[in-house]
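Here's the structure we're looking at; comments come further down.
Note that the structure is a prediction, hence the values are computed from the model and not measured. Convention: sequence-line order gives letters A, B, ...; per-chain numbering from 1.
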2 protein chains.
Amino acid sequence: MPAAFKTLPEPPDLPEPLPEPSVADLRLEEVMGALSSSLRLTIVRKLLLESEEFDHSCHWFGLDRPKSSLTHHFKALREAGVTRQRQYGLERRSQVRVDDLNARFPGLLDLVAAWTPQP
Amino acid sequence: MPAAFKTLPEPPDLPEPLPEPSVADLRLEEVMGALSSSLRLTIVRKLLLESEEFDHSCHWFGLDRPKSSLTHHFKALREAGVTRQRQYGLERRSQVRVDDLNARFPGLLDLVAAWTPQP
DNA sequence: CGTTCAGTACGACTCCAATCGTACTGGATG
DNA sequence: CATCCAGTACGATTGGAGTCGTACTGAACG
């Protein structure tokens with residue numbers, strides 16, 4: 001049974017999510033591909049383990065990369081169905097699609113949470 | 001708890017495995033990357049579910065690709081640590097490193113076994 | 001309404017993976 | 001030893017992903 005990662009309460013009046021694959025369209029190849037980089041594993045793991053808000057703008061992650069690179073990776077995660085993104089004014093915030101991923105790929109997120117980056 | 005995939009009895013006098021990463025060196029990024037293609041998911045899934053021998057030469061899989069392409073993919077799986085390969089005379093046979101993967105990434109192989117290719 | 005700022009769009013560049021044809025290797029077999 | 005055959009090695013090609021600079025957009029805010 002996959003661990004139930006803490007999902008913080010949804011604020012009301014959420015902006016609509018950006019385009020994303022439906023649960024039925026999630027494909028293991030795509031998800032695996034999105035998680036085959038240490039940068040993206042870092043992003044997803046941090047969301048799983050350190051979220052103190054419902055969702056997080058990419059600034060929160062403290063990643064030392066140019067903005068255009070971050071756009072690229074957050075988009076890759078969303079298009080694979082790993083994360084959901086919502087636009088709040090200027091900010092675009094991400095959360096992990098915990099329920100959807102646990103439903104389709106039980107145990108996958110546990111692997112990400114247990115992952116540790118290479119020193 | 002990961003499912004215990006049936007591991008057939010090891011014949012005696014096995015040829016030495018080809019070079020492969022040790023259990024401690026298995027990296028989730030690499031394994032995910034190796035499993036981010038439907039062809040390679042097909043290979044690993046078939047080994048998990050349909051093995052009627054200890055290990056299998058690439059001919060057994062019935063993949064309709066040129067030989068040099070198959071070499072490429074079997075090597076990718078071995079170098080990521082997903083499979084182990086042994087040379088039997090002319091044949092090079094593959095098996096999934098079930099125990100190693102279950103130890104380091106419990107549940108991962110269940111995802112592969114549950115995967116079904118896109119029609 | 002002008003400024004600020006998060007993030008995008010676009011494009012250039014680089015690099016690697018995938019694909020596959022052809023030639024080769026080296027055990028197996030007679 | 002000659003042949004056969006599984007699979008490799010090598011190299012060419014292609015496409016896609018990663019990286020990032022620069023210009024742009026559009027909401028927020030005074």
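- For B/F74 and D/dA9, the CZ to P distance is 15 Å, given to the nearest whole Å.
- Using a cutoff of 4.0 Å between basic side-chain nitrogens and carboxylate oxygens, A/D100 and A/R84 are scored as salt-bridged.
- Rounded to an integer number of Å, the gap from A/L18 CG to C/dA9 C1' is 15 Å.
- Phosphate proximity of C/dA9 to A/H72: absent, as no side-chain N or O sits under 4.0 Å from OP1 or OP2.
- Between the C1' atom of D/dC20 and the CG atom of A/L63 lies a distance of 15 Å, rounded to the nearest Å.
- Rounding to whole angstrom units, CE of residue B/M32 and P of D/dA17 are separated by 18 Å.
- When the nearest nucleotides of DNA chain D are assigned to A/G89 and A/R65 by heavy-atom distance, the more 5′-ward of the two goes with A/R65.
- If B/S68 and B/A76 are placed on DNA chain C by their nearest nucleotide, the residue sitting closer to the 5' end is B/A76.
- Across all strands, B/R40 comes closer than 4.0 Å only to sugar-phosphate atoms, never to a base (heavy-atom distances).
- Using a 4.0 Å heavy-atom distance criterion, B/S57 is classed as a sugar-phosphate-only contact.
- Here D/dG16 presents its C1' atom at 13 Å from CD of A/E30, a figure rounded to the nearest Å.
- Mapping A/K67 and B/L70 onto DNA chain D by nearest heavy atom places B/L70 closer to the 5' end of the strand.
- Checking B/Q85 against B/R92 by side-chain atom types alone, no donor-acceptor pair falls below 3.5 Å.
- Between B/D110 and B/F5, the closest side-chain pair of non-hydrogen atoms falls below 4.5 Å.
- Checking B/R93 against B/Q87 by side-chain atom types alone, no donor-acceptor pair falls below 3.5 Å.
- Between the C1' atom of D/dG16 and the NE2 atom of A/H73 lies a distance of 14 Å, rounded to the nearest Å.
- Spacing between atom NE2 of B/H59 and atom P of D/dC5 amounts to 12 Å, rounded to whole angstrom units.
- The distance between atom CD of B/Q87 and atom P of D/dT8, rounded to the nearest whole Å, is 7 Å.
- Comparing atom distances between the A/L90 side chain and each of C/dT19, D/dG18, C/dC5 picks out C/dC5 as nearest.
- A/W115 and B/E29 share a donor-acceptor pair across their side chains, judged by distance under 3.5 Å alone.
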